Amino acid sequence: MQTIYFTTSDDDLRKAGAIIAAGGLVAFPTETVYGLGADALSPSAAKDTYAAKGRPSDNPLIVHISVFEQIQAIAEEVPAVAKTLSDAFWPGPLTMVFKKKPIVPDETTGGLPTVAVRLPDSEATRKLIDYAGTPVSGPSANLSGHPSPTSWQHCSHDLDGKVDGIIMGDPCRGGIESTVLDLTGDALQVLRPGLITPAMITEATGLPCGYDPAILGRPEPSLRPKAPGMKYKHYAPKADMILYSGEPDKVRTTIDEEASRQRAQGKKVAVLLYGDEETSLVAREFFAKLREADDQNVDLILAAALPAGEQLAFSVMNRMLKAAGYRVVEV
Ligand code: TXA
Ligand code: MG
């Protein structure tokens with residue numbers, strides 16, 4: 001298939017929306033990562049999405065809407081707190097999980113009785129959803145197992161020839177996928193950590209908010225994460241990756257020494273150190289750095305871990321640990 005590249009002009013977004021309305025697949029920008037858009041109410045579009053990504057079909061898709069009221073069409077029992085959260089964080093990197101209406105097919109939700117909904121902060125993408133005339137499902141627009149795409153070029157690298165269109169929007173400001181928050185339980189619970197932290201959710205709602213215990217450590221078969229996607233170990237680069245945790249100066253020296261040792265043995269090594277960079281900047285660049293390393297055929301990535309304890313750092317570390325296959329050296 002010949003992939004069409006769209007700009008964010010109204011005309012192009014209308015054409016791209018028509019492709020989605022007709023059952024096709026179009027990659028779209030968001031503030032977190034690029035998504036692979038399809039008609040969220042079409043079982044066959046969901047199947048095509050799984051096929052294009054090479055993704056297991058038990059891993060449900062996030063459904064993107066352009067205005068809050070659209071929730072009513074796809075979700076059952078929308079609690080009042082959803083509006084509070086929408087006012088505080090939408091458009092933005094928060095996904096809320098509700099009981100689904102029957103109109104949302106099992107193919108979209110991976111067989112779950114719930115639906116994950118998000119209102120993204122990209123004007124182009126909200127227009128795309130309007131032109132499609134339907135809620136738009138959007139898993140990250142990468143091949144399954146690859147790092148998530150934070151630019152249209154990343155989408156093109158993974159999906160050119162496999163999808164109908166790619167929108168050439170801005171690079172993503174957030175860089176890690178949205179926070180997934182469960183609203184179906186007795187208490188608010190984060191199923192996937194992201195830029196919106198439990199502390200921010202509590203501040204906005206006055207309600208306690210914790211993490212699904214299954215996401216606090218390495219994926220264990222005995223603890224089943226409520227977000228099925230969290231059971232997968234990797235957002236992996238091709239290179240081996242090792243994280244170094246401890247006092248920053250010591251981490252730096254240890255990584256430098258190990259890099260020299262490996263290079264002396266003929267290995268191509270990439271080093272990820274962040275200095276005084278804000279955690280949000282580390283988040284923005286992390287997946288792109290993994291892809292750069294792959295493009296340069298790096299054998300080994302040596303990376304500094306982020307300080308434990310801080311919630312935003314925990315969200316980024318969640319991706320770092322997966323990319324490193326949970327290999328952490330304490331120095
Ligand atoms: O930032 C994002 O969320 C991006 C952009 C494109 O919006 N999308 C994204 O989608 O990361 P994806 O498919 O790569 O990840 C969706 C995550 C998976 O971990 C999945 O298991 C979880 O959300 N999820 C989806 N629907 C769910 C549901 N009904 N209940 C629990 N978890 C759900
Ligand atoms: Mg993904």
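For ligands, and for the atoms within them, numbers begin at 1 and follow the listed sequence. In this text the structure is predicted, and so the values were computed from the model without any measurement.
- In terms of protein heavy-atom proximity, atom 3 (O) of ligand 1 is closest to Ser178 OG, 2.5 Å.
- Protein heavy atom closest to atom 22 (C) of ligand 1, with residue, atom name and distance, is Ala227 CB, 4.0 Å.
- Annotation: Pro228 places an N or O atom under 3.5 Å from an N or O atom of ligand 1; distance criterion only.
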Original post:
Do Asp10 and Lys127 pass the salt bridge (charged side-chain N to carboxylate O under 4.0 Å, His left out) test, and can you show the C-alpha distance, the side-chain angles, and the key distance before you say yes or no?
Top reply: CA-CA 8 Å; Asp10 249 24; Lys127 278 190 194 163; 3.0 Å; yes

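- Protein atoms that are N, O or S and lie under 2.8 Å from the Mg ion (ligand 2) are these: Ser140 OG.
- Other residues, nucleotides and ligands contribute at most 12 non-hydrogen atoms within 6.0 Å of the NZ atom of Lys250.
- Using a 4.0 Å cutoff on heavy atoms, Val33 counts as a contact of ligand 1.
- No more than 12 heavy atoms of other residues, nucleotides or ligands shown are found within 6.0 angstrom of CD on Glu123.
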Practice item. Evaluate the criterion side chain to side chain contact (heavy atoms under 4.5 Å, CB included) for residue pair Leu273 and Arg252; output intermediate values, then yes/no. Key: CA-CA 7 Å; Leu273 290 164; Arg252 182 177 297 268; 3.9 Å; yes

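- For atom 6 (C) of ligand 1, the nearest non-hydrogen atom of the protein is Gly35 CA, 3.4 Å.
- Near Pro139, with a cut-off below 4.0 Å to any heavy atom, the atoms of ligand 1 are 10 (O), 12 (P), 13 (O).
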>> Applying salt bridge (charged side-chain N to carboxylate O under 4.0 Å, His left out) to Lys231 and Asp58, what does each step give before you reach the verdict?
In response: CA-CA 11 Å; Lys231 70 176 175 271; Asp58 66 343; 3.2 Å; yes

| Worked check of side chain to side chain contact (heavy atoms under 4.5 Å, CB included) between Tyr244 and Leu302 | CA-CA 7 Å; Tyr244 290 81; Leu302 303 177; 3.9 Å; yes

Does Gln296 form a side chain to side chain donor-acceptor pair (under 3.5 Å) with Glu292? I'd like the steps, not just the answer. CA-CA 6 Å; Gln296 293 166 3; Glu292 248 168 64; 4.8 Å; no

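- Interface atoms of ligand 1 facing Arg55, defined by a heavy-atom separation under 4.0 Å, are 12 (P), 13 (O), 14 (O).
- The side chain to side chain contact (heavy atoms under 4.5 Å, CB included) with Leu25 is formed by just one residue from the set Asp39, Ile20, Thr49, Thr3; it is Thr49.
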Does Asn142 form a side chain to side chain donor-acceptor pair (under 3.5 Å) with Ser140? I'd like the steps, not just the answer. CA-CA 6 Å; Asn142 54 303; Ser140 48; 2.6 Å; yes

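- Here the heavy atom of the protein found nearest to atom 15 (O) of ligand 1 is Arg192 NH1, 3.0 Å.
- Under the ring-ring contact (aromatic ring centres under 6.0 Å, His included) criterion, Phe287 pairs with Tyr235, not counting sequence neighbours.
- For ligand 1, one of its N or O atoms has an N or O atom of Gly229 under 3.5 Å away.
- Near Leu112, meaning under 4.0 Å from one of its heavy atoms, ligand 1 places the atoms 28 (C), 29 (N), 30 (N).
- The local environment of CZ in Arg224 is sparse, with at most 12 non-hydrogen atoms from other residues, nucleotides or ligands closer than 6.0 Å.
- Of all atoms in ligand 1, listed by their number and element, those nearer than 4.0 Å to a heavy atom of Leu191 are 31 (C).
- Contacts with ligand 1 closer than 4.0 Å are made by side-chain heavy atoms of Thr32 only, the backbone lying farther away.
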_Working for salt bridge (charged side-chain N to carboxylate O under 4.0 Å, His left out), residues Arg173 and Asp121_ = CA-CA 10 Å; Arg173 279 175 288 113; Asp121 183 16; 3.3 Å; yes

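- Under the salt bridge (Lys or Arg N to Asp or Glu O under 4.0 Å) criterion, Glu31 pairs with Arg118, not counting sequence neighbours.
- Both tests hold for Lys83 against Phe68: distance to the six-membered ring centre under 6.0 Å, angle to the ring axis within 45°.
- Near Pro60, meaning under 4.0 Å from one of its heavy atoms, ligand 1 places the atoms 20 (C), 21 (O), 24 (N), 25 (C), 26 (N), 27 (C), 33 (C).
- Annotation: Glu277, atom CD; neighbour count of heavy atoms from other residues, nucleotides and ligands within 6.0 Å is above 12.
- Across the listed options Gly111, Gly138, Gly110, Pro29, Gly138 owns the non-hydrogen atom lying nearest to atom 8 (N) of ligand 1.
- Under a 4.0 Å criterion applied to the non-hydrogen atoms of Glu177, ligand 1 contributes the atoms 1 (O), 2 (C), 11 (O).
- Counting atoms of ligand 1 from 1 in the listed order, those under 4.0 Å from a heavy atom of Asn59 are 18 (C), 20 (C), 21 (O).
- The closest protein non-hydrogen atom to atom 31 (C) of ligand 1 is Lys226 O, 3.4 Å.
- Below 3.5 Å of separation, one finds an N or O of Ser140 facing an N or O of ligand 1.
- Shown here are the ring-ring contact (aromatic ring centres under 6.0 Å, His included) partners of His64, two or more places apart in sequence or in another chain: Phe28.
- Among all protein heavy atoms, the one lying closest to atom 29 (N) of ligand 1 is Thr114 OG1, 3.0 Å.
- The protein atom (non-hydrogen) at minimum distance from atom 23 (O) of ligand 1 is Val180 CG2, 3.8 Å.
- Within ligand 1, the atoms closer than 4.0 Å to a non-hydrogen atom of His64 are 5 (C), 6 (C), 7 (O), numbered from 1 in the order shown.
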